[in-house]
Asks: 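Got a structure for you, questions after.
Reckoned from all heavy atoms, side chains included, excluding hydrogens, waters and symmetry mates. These figures come from a predicted structure and were not determined experimentally. The sequence lines fix the lettering, A, B, ..., with proteins before strands; numbering per chain opens at 1.
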4 protein chains.
Amino acid sequence: MANIPQTRRSDTRERIQEAALELFVHRGYEKTSLREIAEELGVTKAALYYHFKTKEDILAALSADIGAPVDALIAWGESRPPTLETKRELLRRYSESLVKAAPLYHILQENQASLRSLGIGVTLRRRVVRLSELVHAGGGPMRSQVRYSSAVLTVHFGALTMDAIGGDPEERRLAVLEVALELLESAAG
Amino acid sequence: MANIPQTRRSDTRERIQEAALELFVHRGYEKTSLREIAEELGVTKAALYYHFKTKEDILAALSADIGAPVDALIAWGESRPPTLETKRELLRRYSESLVKAAPLYHILQENQASLRSLGIGVTLRRRVVRLSELVHAGGGPMRSQVRYSSAVLTVHFGALTMDAIGGDPEERRLAVLEVALELLESAAG
Amino acid sequence: MANIPQTRRSDTRERIQEAALELFVHRGYEKTSLREIAEELGVTKAALYYHFKTKEDILAALSADIGAPVDALIAWGESRPPTLETKRELLRRYSESLVKAAPLYHILQENQASLRSLGIGVTLRRRVVRLSELVHAGGGPMRSQVRYSSAVLTVHFGALTMDAIGGDPEERRLAVLEVALELLESAAG
Amino acid sequence: MANIPQTRRSDTRERIQEAALELFVHRGYEKTSLREIAEELGVTKAALYYHFKTKEDILAALSADIGAPVDALIAWGESRPPTLETKRELLRRYSESLVKAAPLYHILQENQASLRSLGIGVTLRRRVVRLSELVHAGGGPMRSQVRYSSAVLTVHFGALTMDAIGGDPEERRLAVLEVALELLESAAG
DNA sequence: CATGAATGAGACTTCATTCAT
DNA sequence: TATGAATGAAGTCTCATTCAT
């Protein structure tokens, strides 16, 4: 029974997203041309336009798919009182989300200038900023604020740029999280 | 005595660098066209080519001028034993250097994808990486390494992206430095 | 008796024509894409191709439907001796035909360049030219010819471009016709 | 002496305008691609962009150069009381202007749909409309208005579309003008 | 009767760069 | 020291059209 049913609802759209993600990460958003994406898949540029309205739209789809968990996290954070425990949980879950979302934020990070003028760039950035705000939650003395920032930075860039350290990725992630939580503690302290 | 005897090294070259820096920061390296730079100065594109061999060359000149202090710092760090005190001093001086060099590293940060394929991009990046290595100096347990990384990240991004915190910039810089030094301490501890 | 026995000749075909006419008039033939027509109707482009062989074909169908009365008029004119009375009648009936056919000739008028290379463009144009010839009927001194031309122009463009004058359309049409008939009179005179 | 001085202030810009005018007239604005214009001249598309900012800009330059006399005429008409004599003179001079400006208005006429969305289309149209208004000058009974319109139409289209009549163009122009002036007379009468 | 998917051609435009003057 | 003119490559996007289902 149940033998692969008609594959006719073409998986091209998804393949485009995969190829685009790969190329955006390795060559950059601006530097990746639609020709490249198309050639990678063995289709024509026009085919891309059948599935996505613009180049930016491909990134937007990626953002919606991959970034969803962070959106959920923000919603969760907004629904809770800004206690220390909430903040701890935000960092923990953010760290987890980044395991999957890293490529997306990698693109954001390395292409900020290119994305600045694009709607999707704003959307992407807003997510990170909002999350940071939830951890800051209401200010406090500058010293605290810097620690809050540093905690978020550590989680964020720990996921994106600490590969030089080597070792097991998951182990590293936990180490990063631990440092971030300490910063959080001393910020709140 | 010694009243400007030099042949008045065309001030156009400097004006080009200034305009380029401004535009690279605000619009991005890739997104800034030579036409824009030329128009900003009221000269022709061809004039830019009289002073610089390529577009990348303009950025290279900027990097040499503005990045010199960091190069000096690296040289200094390499000439010393990797003691805790050396590392402290590295962070202190790096923090100071960034006051002037921030725009340059801002460009690096926001245009990594665009610069990756360019020689100058590699050069720029190498500086940051080397500095990071000097602070890490020889490994240690992962936990330490993450703290070292976090310390550098904090100084680096503290200078580039913590404007949201507000307050007096110099005061903020010192607060950032303090947090970074604490991380350093506990990494070494 | 005879209550609609026919196989309900798909009303989609007609809806396509209506939408196309509307769009061709307001946005121009060239500037109207099949995508727009399809979207307007809530069908796919492919559906248009089920009903019409090409884009030009849609215009051809429009021309056949809406332009039929003018064709009949031309046939009538060709079957009669080129007397003044015949010419008067031609102008009268042409003026009447234009009440319905105006949108079609509006398209012809505003898209001549685009239609020039199309078969249907030639067909459409031929109608107007032929009608003009019937009114000229055999030349005469230049002064007369200009008046004949002016008479036809007046009827034709009176229907297409005199809305600026305002007032009741039918009243205006009669005024236009009157002027045209005077020109005819003095041409023949 | 005076041997052809340095031809270095390149005449390419003018050659582009000439080629474009020719092609716009014969193939239509929309249907004429920049590739065609460039090939016609033996330069690259990029060369066109050195001289003109956009395709529309080429038409705008044409409009400014060729349409200037009509602009002057309108200014003149606006500075005078709307007497019959003024109107007569407007038609006379307009008829003269059209000898040179015909190709430009031919383009406007045959590409209205394409030009409608373009700034330059509006500009071009405005000229014709304004001139028509000056001849109408303040309304009057519908019958008069129609005659005024017909007079302008006759001059305008007499220059653009009466080649079928044949004969000497200048002679034809005068015949057309005569008819138009008669219409004007009877409109004012 | 209609759709989903794809194509090939071609459009306009921008860019970094070159070179004679 | 600088300019005017031009180029070649490439980019994003749109369009009419086809065809298996």
Side-chain angles (χ1 to χ4, degrees), chain A residues 6 8-13 16 30-38 41-58, chain B residues 7-13 16 30-38 41-58, chain C residues 7-13 30-38 41-58, chain D residues 6-13 16 30-38 41-58:
Chain A
Q6 75 298 10
R8 279 284 55 78
R9 267 245 153 2
S10 139
D11 66 330
T12 303
R13 194 187 152 94
I16 292 172
E30 198 90 344
K31 287 263 196 189
T32 299
S33 72
L34 295 183
R35 180 177 51 69
E36 280 173 304
I37 301 179
L41 295 172
V43 297
T44 37
K45 276 180 288 171
L48 305 187
Y49 279 93
Y50 175 75
H51 292 282
F52 298 93
K53 239 181 11 226
T54 66
K55 183 184 179 184
E56 187 181 350
D57 233 46
I58 302 181
Chain B
T7 18
R8 276 206 147 282
R9 287 290 259 86
S10 151
D11 96 316
T12 298
R13 195 185 149 93
I16 292 172
E30 197 90 344
K31 287 261 199 191
T32 299
S33 73
L34 294 185
R35 179 173 54 67
E36 280 173 302
I37 300 178
L41 295 172
V43 296
T44 42
K45 274 184 290 175
L48 305 187
Y49 277 90
Y50 178 79
H51 292 282
F52 298 92
K53 230 169 41 203
T54 66
K55 182 184 180 184
E56 187 181 348
D57 237 44
I58 302 180
Chain C
T7 18
R8 272 206 150 283
R9 286 292 260 87
S10 151
D11 95 318
T12 298
R13 195 185 152 93
E30 196 89 344
K31 288 259 197 191
T32 299
S33 73
L34 294 186
R35 178 174 54 69
E36 280 173 302
I37 299 178
L41 295 172
V43 297
T44 40
K45 273 186 291 173
L48 305 187
Y49 278 89
Y50 177 81
H51 293 282
F52 297 93
K53 233 171 37 207
T54 67
K55 183 183 179 183
E56 187 180 349
D57 237 44
I58 302 181
Chain D
Q6 75 296 12
T7 323
R8 281 284 55 79
R9 278 270 147 334
S10 138
D11 67 330
T12 303
R13 194 186 153 94
I16 292 171
E30 197 90 343
K31 287 262 196 188
T32 300
S33 72
L34 294 183
R35 180 177 52 69
E36 281 173 303
I37 300 179
L41 296 172
V43 296
T44 40
K45 274 180 289 170
L48 305 188
Y49 278 92
Y50 175 76
H51 293 281
F52 298 92
K53 242 185 2 233
T54 65
K55 182 184 180 184
E56 186 180 350
D57 232 46
I58 302 180

Asks: What residues form a side-chain contact (heavy atoms from CB on, under 4.5 Å) with K45(C), not counting sequence neighbours?
Replies: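 side-chain contact (heavy atoms from CB on, under 4.5 Å) check on K45(C) returns L34(C), R35(C), A38(C).
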Asks: Just jot down the salt bridge (Lys or Arg N to Asp or Glu O under 4.0 Å) partners of R13(A), sequence neighbours excluded, or say none.
Replies: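 R13(A) satisfies salt bridge (Lys or Arg N to Asp or Glu O under 4.0 Å) with no other residue.
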Asks: So, taking the atom named CG in D57(A) and the one named NE2 in H51(A), what distance separates them when rounded to the nearest 0.5 Å?
Replies: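 Result: 13.0 Å between the selected atoms.
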Asks: Nearest-nucleotide wise, let me know which of T32(B) and E56(D) is further upstream toward the 5' end of DNA chain E.
Replies: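 The 5'-side residue here is E56(D).
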Asks: Kindly point out which of dT12(F), dG4(E), dC19(E) is positioned nearest to the side chain of A46(B)?
Replies: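 Looking only at heavy atoms from C-beta outward on A46(B), the closest nucleotide is dC19(E).
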Asks: Would you say the side chain of K55(C) and the base of dT17(F) hold a donor-acceptor pair, judged only by whether the two atoms sit under 3.5 Å apart?
Replies: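 Flag unset: no donor-acceptor pair detected.
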Asks: Which whole-number value in Å describes the distance from I37(A) CD1 to dT12(F) P?
Replies: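 I37(A) atom CD1 is separated from dT12(F) atom P by 8 Å.
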Asks: Can you list the stems that DNA chain F is part of, where a stem is at least 3 pairs in a row, each Watson-Crick or G-U, with both distances below 3.5 Å?
Replies: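 If one scans DNA chain F for consecutive Watson-Crick or G-U pairs, the stems found are E:2-21 with F:2-21.
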Asks: For the atom pair CD1 (I37(B)) and CD1 (I58(B)), what is the distance rounded to the nearest 0.5 Å?
Replies: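 With rounding to 0.5 Å, CD1 (I37(B)) is 4.5 Å from CD1 (I58(B)).
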Asks: Report the distance from atom CD of E30(B) to atom NZ of K31(A), rounding to the nearest 0.5 Å.
Replies: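 Going from CD on E30(B) over to NZ on K31(A), the span is 4.5 Å.
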Asks: Once you round to the nearest 0.5 Å, how far does OG1 of T32(A) lie from NZ of K55(A)?
Replies: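 Output value for this atom pair is 6.5 Å.
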Asks: Expressed as a whole number of angstroms, how long is the span from L41(D):CG to dA5(F):P?
Replies: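 L41(D) atom CG is separated from dA5(F) atom P by 15 Å.
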Asks: In whole angstroms, how far is the C1' atom of dA11(E) from the NZ atom of K31(C)?
Replies: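 In whole Å, dA11(E) C1' and K31(C) NZ are 12 Å from each other.
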Asks: Pull out every residue in residues 47-54 of chain A that has a heavy atom closer than 4.0 Å to any atom of DNA chain F, ordered by number, or say none.
Replies: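 Residues of residues 47-54 of chain A that come under 4.0 Å of DNA chain F are, in numerical order, Y49(A), T54(A).
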Asks: Closer to the 5' end of DNA chain F via nearest nucleotide, is it G42(B) or L34(A)?
Replies: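 Of the two residues, G42(B) wins.
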Asks: Does the dT7(F) base have a donor-acceptor partner in the side chain of K45(D) within less than 3.5 Å?
Replies: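 Not at all, since no donor on one side and acceptor on the other fall under 3.5 Å apart.
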Asks: Going from CD1 on I16(D) to OH on Y50(D), what distance comes out if it is rounded to the nearest 0.5 angstrom?
Replies: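 Nearest 0.5 Å value for the CD1-OH distance: 11.0 Å.
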Asks: Calculate the interatomic distance between R13(A) atom CZ and dA5(E) atom P; express it in whole Å.
Replies: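 Rounding to the nearest Å, CZ of R13(A) and P of dA5(E) are 10 Å apart.
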Asks: Measure across Y49(A) and T54(A) and return the closest heavy-atom pair with its distance rounded to 0.1 Å.
Replies: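 Looks like CE2-CA, 4.1 Å.
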Asks: Quick check on dA2(F): is either OP1 or OP2 less than 4.0 Å from any side-chain nitrogen or oxygen of T12(B)?
Replies: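 Yes, within the criterion.
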Asks: Any side-chain N or O of T44(A) less than 4.0 Å from the OP1 or OP2 oxygen of dA6(E)?
Replies: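 Negative; the distance criterion is not met.
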Asks: Quick one: is R35(A) getting a side-chain N or O under 4.0 Å of the dG11(F) phosphate, OP1 or OP2?
Replies: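 True: R35(A) side-chain N/O within range (under 4.0 Å) of dG11(F) OP1/OP2.
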Asks: Nearest-Å distance, CG (D57(B)) to P (dA16(E))?
Replies: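 The answer, rounded to whole Å, is 14 Å.
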Asks: Report the residues that fulfil salt bridge (Lys or Arg N to Asp or Glu O under 4.0 Å) with E56(B), sequence neighbours left out, ordered by chain and then residue number.
Replies: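 With sequence neighbours excluded, E56(B) shows a salt bridge (Lys or Arg N to Asp or Glu O under 4.0 Å) to no residue whatsoever.
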